[in-house]
Structures are given as structure tokens and as C-alpha cells.
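Quick notes on the structure that follows.
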Amino acid sequence: MPVQKVNDSSDLDAKVPSHLQRTSITSLTMTSEPSHRCVKARVVHIGPVISCAQKDGIEMLRAEIKEEDPLQRTAEHTSINVIFFGTLAKDFSQSARQGDVVLLADFTIKKSPSFLRDKLHPCQLEMDGKDDCVYVCPSAEPSHGPSSSEAKYTYVPLNNLKPKTVVNVYGVVTFFKQPFPSKGSDYCSTLKITDQSDVKVGCNIFSKKLEDHPVIFRVGDIIRLHRFKTEMFRDSMSLLNTYGWSTVTFDGTIDSPVVPHTSSKSFHFGESDIRTVQELRQWAANQSWISNDLTVSLSSVKPGMYFDLTCQLLAKAIMDSRCILLKVWDGTKCQHPLLNVAVASDALEGESTVAKDRMNLTANVLVYDNHLEVARDLKPGTFLCFYNLHALLQRAPDQLPDQLEHLSFHLHGGTSYGRGLRSLPAESPALQSLKSVLEKHVDLDEYDEVNDGTLLEIWYTPPEAVDAEADTGPSYTVQTCEHNMRRLTLARVKRSTPPLLCHVQARVKKYNPQQLYQCLKLFCSNCKTMEDVPDDSAVAKVFRESAKDSQPCDEQWAATSSASSREPGRAISMHISRDMVGESTHMQLIFVEGTTLDEICVLSRDYKNLVPVRSVNGRMTLMDLTAPFLFSGDKRYYGCKQCSLNTFQNPVFAGVETWDEQAVAEALGVRLMQYRLLMQFELEDQTDTLEALLWENAERFFHVSAVDASGSQDLQDKIQTIMDTIQPPDSSLEERPWLDLCVSVYTVKDNDRNKVCYQITNTEIKEE
DNA sequence: TTAGGGTTAG
């Protein structure tokens, strides 16, 4: 059935087939039985006819209709989207205009896919034209003469106002302040209006009730004032509300429906009002001041600017008694990096903004002082307008000096320049362009909770909430931390501001050192010196030079026994502290002189602790600390050249029950160097690469103690096997397994500059 | 009665 037109709204009611029952848009739900219901509403928006690729190219049209039943005026969801398909889409496009009243029946009720964005209605109506019923009644044209009821009010042009009279006027708003508390008992609205006479008149409205104040969204809106008194102030006429007053406002957009906004219980509104509004719109559109619009999108905000922003609230958080944070977006990407104000997730009301933060789409607005009253009541998802918002460059906490400053937004206290904010109804014409921009970001909403390789950029669901293994195969590592961090992409990690702990999933592209014995390091926890473990040739050379022309040293504190070596002129001596003779420990610590490296290695199989020494002028002296100061079974221990004290001259060995490397080092005045493992991984995911150290967490990562690995080929082989698993030799990147890693982002001083470093922490290889 | 436009300083 094609779209049918009727001339009168009452005809529309007559067209309702007897078996159908009028239902209100507000009461429609997914479970409503639609077959015997019809709705009657005014068309507030008609979209173009488009071809729908997902439905075999069928033509479709979206219209937004709004219920006008006065009983429903304050109810939620009085507007709903209607999707017309096929020929009905074309018919409707040709037959209906904004402002027309329509009667629809035999529609299908579907879940609205755009409800999260447009907040219109959880459902939408779909009509495919087969048996559907669409009647259109064109909006009233001001073609007939005014009816008697319309003669009730006369409106005085603004250039004809006389002092001390009570008048009704129409005007276009050229300046306004949202209602603010006066020093008296009322809220005050201050505005300035003009009309075709081009005279500007100031106007103040006092009322205790906020809801009685005129609803003004932007310069160019039309306002009708009833029963305002005139008075002179500073040589100009001004208007003040007086007993019995009322205001009605209209959007100023040419061709948008003439929809009155007022809190008056009953108000007169007729065809002459529509005509007056349309004439004022037409006139104002050609005035220079109307184009002086301060509304700016985030994409064109410049630092330092004061501007008006129309946007949607994503999340809010109370910062303190004088400040509320509103996280908003308008769908456009700011050219400057936007400041992200960190708030504990439990303090934040509303959706996560992480995906939008990452796209530089989220503006953090700090709202102060007198504006808190309005901000406090805003719900996430609400559309709103900030007036006289201030864009300010600000350095993020811990931000490096050479990084770009971030743009923050402040709605300062006070009402200068109309500073304030106001929520906008979802159907406001001022929101049409915003909504269509937000529409383009539909993916962002839907992808927020999805884990998919292509979506890693915006992936942040807590790991335990997602079956990550389904997509990437088993991870060869496991995070051991208790915290429930969001997983970030490497690109996101690189953009983060330290300090930060985060989870990533990545593959190993490269690692260093490739010769794994080189990952074993000697580290002095005192002076933080780190060096490679000396190789055998360097150590053997120290032994050779120490043994050259050596005469056994003769110390009072030591008992000595000597033997000739196979080399002429070289004696091998072993010394034991006299302090220890007679104690059970006397064989635990033996000083060896005159051996080669090989010889002391052989001896160390039979003795627990061997300290190689040399003779200098007959006095026993430690060898150059390039060599180990202690051989203990398979292990060799080194001393720090910077931090070791020379206290060997008169050593005291009594009173130690068990000699371990630490006790020996202390007795010798040596600062023991620790064995550590150090590797550098080049990690890679779909977004970026990142060089991360494996250092403090390395022993836990490999399940290998560094000192044990220093004396065990088996343990060194174990590390090699692990590395061959996570980065198989000659493998392509795709063949390498994914690793779940916890990464610490931190800064270190490097030549007086802060350098950002990444370190793998809280992560272990999974053991079979 | 109040305000009568003309920037916070976070």
C-alpha cells in the first residue's frame, strides 16, 4: 500500500482501521505485539533514500518521528526511528516533509542499533511496504487568515518599546547566559535579543525554578516573551519578567520544524507564531552576527581558545568539591594531543573511553564552581553544549620535557561571556550534524568489547574475561601478577606516560645477546657496575702471571704446605688459617698459590672453597679481581674492583660456622658481585615493535638461577632451549608463539635527560 | 531583591 495523504489531522484519526489501537511511542518495547497497534507522531527528520548493501541493495530511508501527545511531553523516548524499505522508502521521501504528522500501522518492532548513540528509543519501527499502512498529514501552512484566538496577543517590534509598559515581544537571541543563582532569592537568566528593526534589547528573567527559565541552546534561537515590563537602563530599553510572564523558545535553524519549548502549563501557539518564527529565522540568517558562531569542533580547536562545544558525555567523575571531570567527544579528532585526566575506574561513571582516548577523540573537560550544579546531574550518553569553554595546553604528570603538551579543557567558574553548560534533547536540530559524525564511529562502540587480531589497537578487555588462546594459540608465558591490568597494544604502550605497568601480547622478533652465555652478567649491587663474566683465557692469564717466579708466601696467621709443580721454579702452596685449625671448618677455606687455572679447577673438585692468592714481597695477596677470588665446586665468584676493600693483610677467620661465598668475601674484604641474567627482546605485535629488557625478572622468567647457570652447562642449555622455543631458529614471525607479558614502563636519567625504558616483569615461561 | 554580558588563573 503506498503512502496516503490526508488534509487534516482529524482525518488522520478517522483513517485508523477499527481493529487497530493507538499506542504511544513511549510505551513501545521489543515485546510489544505490533500487529494491532498504530502510532501517530510528527516527523522531525527525514533522511535520504539510500541503497542498503547488506540487504541486496534494497532502498531504504530513515525518518525520526516524535510523539506530540501533551501527556507524553515530559516522558522519555517520545521519539523513535522509522526505517522504510523498498518502494515505501521512495514514496515516503516524496510524500512527507519535516513537520508533517504521520499515522503508521502494521510495522515491525526491532531493536534500535543506534540507541547508544542517538538515545532516541531502544526500539525502531521497520516498514517494508507489503501490508503496511502509512498516512501523512502535511503540517499546517499559514495560508489561512488568523483565527479569532490568534488575535489574543500583539507583539511589539523592539524599536517601538515604550518605557514602563508591559509588552509581548518576539526576538532572535544574540547573547545569553544560562540561568545562574542571583544574589537574591532567584535564578537569573540574562539575554539580549534583536528583531528585524535591528535594535538590541537586554532582558533579565528572575525565577526561583530553574525549569521555568527559557531553554536557549545557541545564538540564533528565537524567543517569544509574554508579559515583560520595559524599563530604561543606561539609555537603553530593557525587559524584565513581570506577573503572569511566560517564555517560549524555538530553534533558529531555517526549515527545521517549528517546535515550541516552554515550561508553561498552557500556552497559546498558532499559525501566526509559526509564521513569525519562520520570518525571524529567515531574517537572522542574513545577519552578520549570526555567522559569528563560536561553536567549534574538537578537530579545529586551537590552544588558548574560548569556544562553544556541542558534544556527547561519555563518562564523568567527581574530582573534588569544586571540580567535576566530564569526558566528552564530538566524533572529530583533535589536532593536538588531548590530555587524559587519570581517574580510578571505580570513581568514573559511564563507559570506558580507552578506545576513543587512543584515537585522540576524548576531550577531558574540568568543570568548576558554579557549573557543578548542572554537571552533577548529567548522565553519560547525554548530549550537551559547553559555552565559553577554555582550551589550555598542559603538561601531563611525568611527561617528558621534549614531548608535545596536551590540550585540556576548563569550564572556569563564573558566567562571563555566557560561560556555562546545558544538556540538549536528543532530537534537537543543533545535534543533527553531531549525530551524523558520531554515526561514523559506530565501529568504535561495537569493537570495544571484542578481541580480534585486527582490533588489537583498541583491545583492552581484562585478559581473564576473554579467551585469548582461541585466536592466537597458547601463550608460552604466564603472567604471575595479581593485578588485573588491561592488555595494551605495543603502539599504545609506546604512547603511554611512565610510570606504568601494563599487559601486552607479543612475539619475539629478535633478542640479544645471540650468544647466550653473554646474557650472564656480573653485577655489583653497591656501585651498580655490570660487566661480562671474564672468559677463561683472561682468567688463565692472570693465573699465569701470578704464578710466575713465585715464592711461597709466609704469613704468621697461616699454616702452609707446598709441593713442586711440573714446571721448574713454580711451587704450588696451600695455606690454611691457624685460627681455624682445630675447628670443624678448617678444611672449608683453603688459600692456593702458584697454580694455573686448570690446576685450581681440578683441585676445586675436592675442596669446598679455594681462594687463589699470590705472593708479593712474601706477603699473601689476592689476585687481580679480573680472576675469581673464590672457586667453589663448579662455581666461581668475583669481587667488584671498585668496591672491594684491601683488608686482606690481617684477616680474621674465627667464628664462622659455614663458609659460603658471602662469608668468604667479607673475610677477605671483597665486595661480592652477583650473577644476573640480562637479555633484550625486540617484541612485535600488529601495531608496533618495542625493545624490552629482561633483567630483574629474568631468573623467574627462565626458572633458572643465574649463579647456578654460571656453573652448569645443563642450565645454560635450558635457557637456550627456551629461547629456541619462543624464537625458533630460521622461523618466520608468524611461526613464533605469542607471549603474554607484563611490562613495566619507567624512566631513567640518561645524560640529564629522561629516557623511557621497558622491562618485562611478573612473567614466567610455562613449564610442561 | 536579584542583574543590567565582556574571561580563570584550578
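Lettering follows sequence order; numbering is per chain, from 1.
Evaluation of the side-chain contact (heavy atoms from CB on, under 4.5 Å) rule for A:Asn160 yields A:Val156, A:Pro157 as partners, not counting sequence neighbours. Partners of A:Glu427 according to the side-chain contact (heavy atoms from CB on, under 4.5 Å) rule, which considers only residues two or more places apart in sequence or in another chain, are A:Glu64, A:Lys66, A:Ser79, A:Pro425. A:His77 meets the ring pair (Phe, Tyr, Trp, His ring centres under 6.0 Å) test with A:Phe115, A:His121; sequence neighbours excluded.
A:Asn241 places its CG atom 11 Å from the C1' atom of B:dT2, with the value rounded to the nearest Å.
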If you look only at distance, which donor and acceptor atoms sit under 3.5 Å apart when one is on a side chain in residues 218-226 of chain A and the other is two or more places apart or in another chain?
| residue | atom | partner | partner atom | Å |
| --- | --- | --- | --- | --- |
| A:Arg218 | NH2 | A:Asp251 | OD2 | 3.3 |
| A:Arg218 | NH2 | A:Thr253 | OG1 | 3.0 |
| A:Asp221 | OD2 | A:Phe217 | N | 2.8 |
| A:Asp221 | OD2 | A:Arg218 | N | 3.1 |
| A:Arg224 | NE | A:His226 | NE2 | 3.3 |
| A:Arg224 | NH1 | A:His268 | O | 2.8 |
| A:Arg224 | NH1 | A:Asp273 | OD1 | 3.0 |
| A:Arg224 | NH2 | A:His268 | O | 3.0 |
| A:His226 | NE2 | A:Tyr155 | OH | 2.6 |

Below 3.5 Å, can you tabulate the donor-acceptor pairs from side chains in residues 232-244 of chain A to any protein atom, sequence neighbours excluded?
| residue | atom | partner | partner atom | Å |
| --- | --- | --- | --- | --- |
| A:Ser238 | OG | A:Glu231 | O | 3.2 |
| A:Asn241 | OD1 | A:Phe206 | N | 3.1 |
| A:Asn241 | ND2 | A:Phe206 | O | 2.8 |

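To the nearest whole angstrom, the two P atoms, one in B:dT8 and one in B:dG4, are 14 Å apart.
For the residue pair A:Thr78 / A:Thr26, no side-chain donor-acceptor distance below 3.5 Å is found, with atom types taken as modelled.
Sorted by first then second residue, the salt bridge (charged side-chain N to carboxylate O under 4.0 Å, His left out) pairs that include residues 164-185 of chain A, not counting sequence neighbours, number zero. Legend: salt bridge (charged side-chain N to carboxylate O under 4.0 Å, His left out) pairs involving residues 359-378 of chain A, not counting sequence neighbours, sorted by first then second residue: A:Arg322-A:Asp369.
Within residues 217-230 of chain A, no residue has a heavy atom under 4.0 Å from DNA chain B.
Nucleic acid contact for A:Cys323: none, since no nucleic acid atom lies under 4.0 Å from a heavy atom of the residue.
Regarding the sugar-base torsion, B:dG5 falls in the anti class, its angle being beyond 90° of 0.
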(message) What does the B/S/- profile of nucleotides 4-10 of chain B look like, 5' to 3', with a 4.0 Å heavy-atom cutoff to protein?
(response) BBSBB-B
